[in-house]
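Input: a single structure, listed below in structure tokens.
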Amino acid sequence: MSSSPTKEEGKESPLGLTTTASNEYGHHNLDGGRHIAPPSKITTKCLLLMFTICTGGFLFGYDIGVISGCLIMKDFVLRFGGGLNPETGAWELPTQTQSLITSLLGAGTFFGALLQAPISDWLGRQKAMVTWAVVFTVGAVIQTATETSLAQMIVGRFIAGLSVGALSGLCPLYLGETAPKAIRGMMVSGYQLLIITGIAVSYGISWGSSNAVNSSASWRIPVGLQMLWGVALIGLMVFLPESPRWELQRGNHDRARITMAGMRGISLRDTPQGRRGDDAMEEELEEMEYFIGKEREVFKNTNYVTSYVRCFSLDRQLWRRTLTGCLVQVFQQLNGQNFYYYYGPTFFSAANVSLNSYEIQFILGIVSWVCTFPALYLIDKAGRRRSLIWGNFVCFVCAFIVAFVGKYSLAPAGLPADQVTSGQHAAGNAFIAFAVFHLASFSVAVGPTPWVLLSELYPQELRAKCVSLGSASNWFWNFMLGYFSPPLSAQYGPLIMLIFGSLCLTAAIFVFLVLPETRGLSLEQVDLLFQSGVKPWKSRDWVPPVGDANRNTLGTAKKVAAETHA
């Protein structure tokens, strides 16, 4: 075992922080040396924190997925103004009604994402999550209680959307501020895993309840279960610690140390200055305090509204970072996967395969869920850039195949099964298969990464505000997707996937040219990365000039001697 590092008196880093000497692993030279830190641990407290916070993602996913099955349930359709489509033999709502029911969630999420920042800055991350879980539960009650009022269903969706939008930014923000840097990507990716879990669970429940064909139980059961998930999140959140960065902003140093030590699996020791963690943790805490001091200085003469202008300032390329976070969220939303999630049963009814729409959608949900597990490892192993570039490219290929096969090779809608040719049957299987490949690629690479980036691209003084802008961008386009997809799909059919495929290719090019690699950096070192001027395609090899220089993760660090740069 290595001995503890010792302080070198009289030296200061470029940030004004005290320089420390290297131990056997050399993990904290702040004056320009390149050192490698000890391997990071995944502690039980880290995993519990990840699971509990990410339960907010489960609410998000369940709320997205549950409505798609309801849109073709007989009782739901009849209550809200729809009927039997004689051409397809399916129960369908008018296109405009479908748009309203699905898109009003997106409208609520947009405003919820913007409200997230002031409320989480005021109450704290933990209390804000409890507050939004209560709002979600109220929205679920309103939806479940409706009889035939479309307006009540829409209002309930909007209120639930406020919560989902706020949680979509708050969960990554909370995790990003609490997780050790080496496993931050894995922990924030857990949020996407729980989103997909919520979607898959909603599909399974909708499939099962759809057997109650002539009863309101067919849709009240899946919709009503949202209340249970909201109450569960409230119960779980009560036991979580507050973000250490938020505690430091309020001067609560002891509480911040306790949380940081618990996440890192170390014990605090008594010193003449009070209880302290190891030198690596104390150095990180010192960096946090420095940037929090900068925050107070930056916002000294601004109010909360005008402070948002800072998100687009030239200082430290904040304009670029804010717009990058917004655009990766937009590209994630317009990848095409949400079209499958929202309108899968209707869309896949044209495939004329032996499975019904509920079964197909449940399969899609399970594939997405299973494929999200590798993302927990790959996000920190392969990095953010590779995940987004290759993931979006595969989605581009799949979307184009789905579009052309769906348009030119499927059997006509309503054709009896005994008249479907072998070629049309094969085309239907290919149609479903490449939709599955599309969702698999999204889950492995594209889905989690924008949320990870949203948690780490910004300096402490602007993080909550920039995260709210990024998540609001996601939800604005979620609203646009929900509102305009039904009429576009009705007009163009499967060729709508050409739009999503083209955007996937654009996203891959954008990431290559604009997004630097942030894997393995502390949130404070990300700030220095953007100031360095390194080209995005060369950023993977960039070495931070201060703090721990190890960009490897999950125990992959190698013990090396210190190297001093000229």
Side-chain angles (χ1 to χ4, degrees), residues 50 53-54 56-57 60-61 109-110 112-117 120-121 125 128-129 132 164-179 181 183-195 243 245-246 308 311-312 317-335 372 375-376 379-380 383-385 387-388 391-392 442 445-478 507 510-511 514-519 521-524 526-527 529-530:
M50 179 179 75
I53 296 177
C54 290
F60 172 1
T109 54
F110 173 75
L114 292 177
L115 289 170
Q116 172 270 124
S120 65
D121 279 345
R125 312 323 189 201
M129 283 197 69
W132 288 116
V164 170
L167 291 172
S168 71
L170 183 55
C171 293
L173 171 68
Y174 194 174
L175 283 167
E177 290 188 347
T178 308
K181 71 169 182 117
I183 57 173
R184 186 175 62 241
M186 184 200 74
M187 290 181 68
V188 180
S189 294
Y191 174 66
Q192 179 69 18
L193 173 62
L194 267 290
I195 292 174
S243 156
R245 284 175 171 84
W246 189 86
Y308 271 89
C311 298
F312 299 94
Q317 297 195 37
L318 288 170
W319 67 272
R320 172 189 166 192
R321 295 155 73 172
T322 301
L323 292 177
T324 297
C326 290
L327 284 172
V328 294
Q329 287 288 322
V330 171
F331 284 129
Q332 189 232 40
Q333 187 61 234
L334 298 180
N335 176 278
T372 304
L376 301 180
I379 191 70
D380 282 320
R384 288 46 159 165
R385 280 173 54 83
S387 295
L388 286 177
N392 274 298
F442 175 84
V446 181
T449 310
W451 297 112
V452 175
L453 289 167
L454 205 60
S455 74
E456 63 189 12
L457 282 177
Y458 311 112
Q460 174 67 26
E461 67 268 21
L462 291 170
R463 188 168 297 119
K465 297 175 181 65
C466 291
V467 166
S468 74
L469 292 174
S471 54
S473 300
N474 182 298
W475 290 114
F476 173 79
W477 286 101
N478 179 275
F510 170 81
V511 170
V514 174
L515 183 69
E517 180 57 70
T518 56
R519 176 185 72 96
L521 298 176
S522 72
L523 298 182
E524 287 68 34
V526 171
D527 204 45
L529 169 64
F530 278 94

Using modelled atom types only, decide if a donor and an acceptor are shared between the side chain of Thr322 and the backbone of Cys311 within a distance under 3.5 Å. yes
Looking at Trp246 and Asp121, would you say the former's side chain and the latter's main chain have a donor-acceptor pair under 3.5 Å? yes
Any residue meeting side chain to side chain donor-acceptor pair (under 3.5 Å) with Thr324, in chain and number order, not counting sequence neighbours: none
Which pair of non-hydrogen atoms, one from Ala166 and one from Trp132, has the smallest distance, and what is that distance? CB-CE2, 3.3 Å
Do Trp451 and Asn474 have side-chain heavy atoms sitting under 4.5 Å apart? yes
Nearest atoms (heavy-atom pairs only) where Leu194 meets Cys54: CB-O, 3.1 Å
Determine whether Pro448 and Leu193 make a side-chain contact, defined as any pair of heavy atoms from C-beta on separated by less than 4.5 Å. no
Check whether any side-chain N or O of Gln317 sits under 3.5 Å from a backbone N or O of Phe530 as a donor-acceptor pair, and report yes or no. yes
Dump the intermediate steps for side chain to side chain contact (heavy atoms under 4.5 Å, CB included) on Ser471 and Leu454, then the final yes or no. CA-CA 8 Å; Ser471 54; Leu454 205 60; 4.2 Å; yes
State, to 0.1 Å, how close Ser120 and Leu170 come at their nearest heavy-atom pair, and which atoms those are. CB-CD1, 3.6 Å
Let me know which of Val526, Leu515, Val511 forms a side-chain contact (heavy atoms from CB on, under 4.5 Å) with Leu453. Leu515
Going from CG on Leu457 to CG on Asp527, what distance comes out if it is rounded to the nearest 0.5 angstrom? 11.0 Å
So, Ser468 side chain and Lys465 main chain: donor-acceptor pair closer than 3.5 Å or not? yes
Using the side chain to side chain contact (heavy atoms under 4.5 Å, CB included) rule, take Val467 and Tyr174 through it: C-alpha gap first, then chi angles, then the decisive distance, then the call. CA-CA 11 Å; Val467 166; Tyr174 194 174; over 6 Å; no
Tightest non-hydrogen contact, residues Arg385 and Pro516, listed as CD-C, 3.9 Å
If the plane angle is over 60° it's perpendicular, under 30° parallel, otherwise tilted; pick one for Phe331 and Phe510. tilted
Residue pair Phe476 / Val330, side-chain heavy-atom distance below 4.5 Å: no
Could you tell me the separation between the CD1 atom of Ile379 and the OG1 atom of Thr372, rounded to the nearest 0.5 Å? 11.5 Å
Quick one: closest heavy-atom pair of Tyr458 and Cys326, and the distance? OH-N, 4.4 Å
Between Glu517 (side chain only) and Arg384 (backbone N and O only), is there a donor and an acceptor less than 3.5 Å apart? yes
Hey, is the main chain of Pro450 close enough, under 3.5 Å, to the side chain of Gln329 for a donor-acceptor pair? yes
List the steps and the verdict of side chain to side chain contact (heavy atoms under 4.5 Å, CB included) for Phe60 and Thr109. CA-CA 10 Å; Phe60 172 1; Thr109 54; over 6 Å; no
Can you name the closest pair of heavy atoms from Gly56 and Cys171 and give their distance? CA-SG, 4.0 Å
Set out, in order, the CA-CA distance, both residues' side-chain angles and the distance that settles side chain to side chain contact (heavy atoms under 4.5 Å, CB included) for Arg125 and Ile53, then state yes or no. CA-CA 10 Å; Arg125 312 323 189 201; Ile53 296 177; over 6 Å; no
So, taking the atom named OG1 in Thr449 and the one named CD in Gln332, what distance separates them when rounded to the nearest 0.5 Å? 9.0 Å
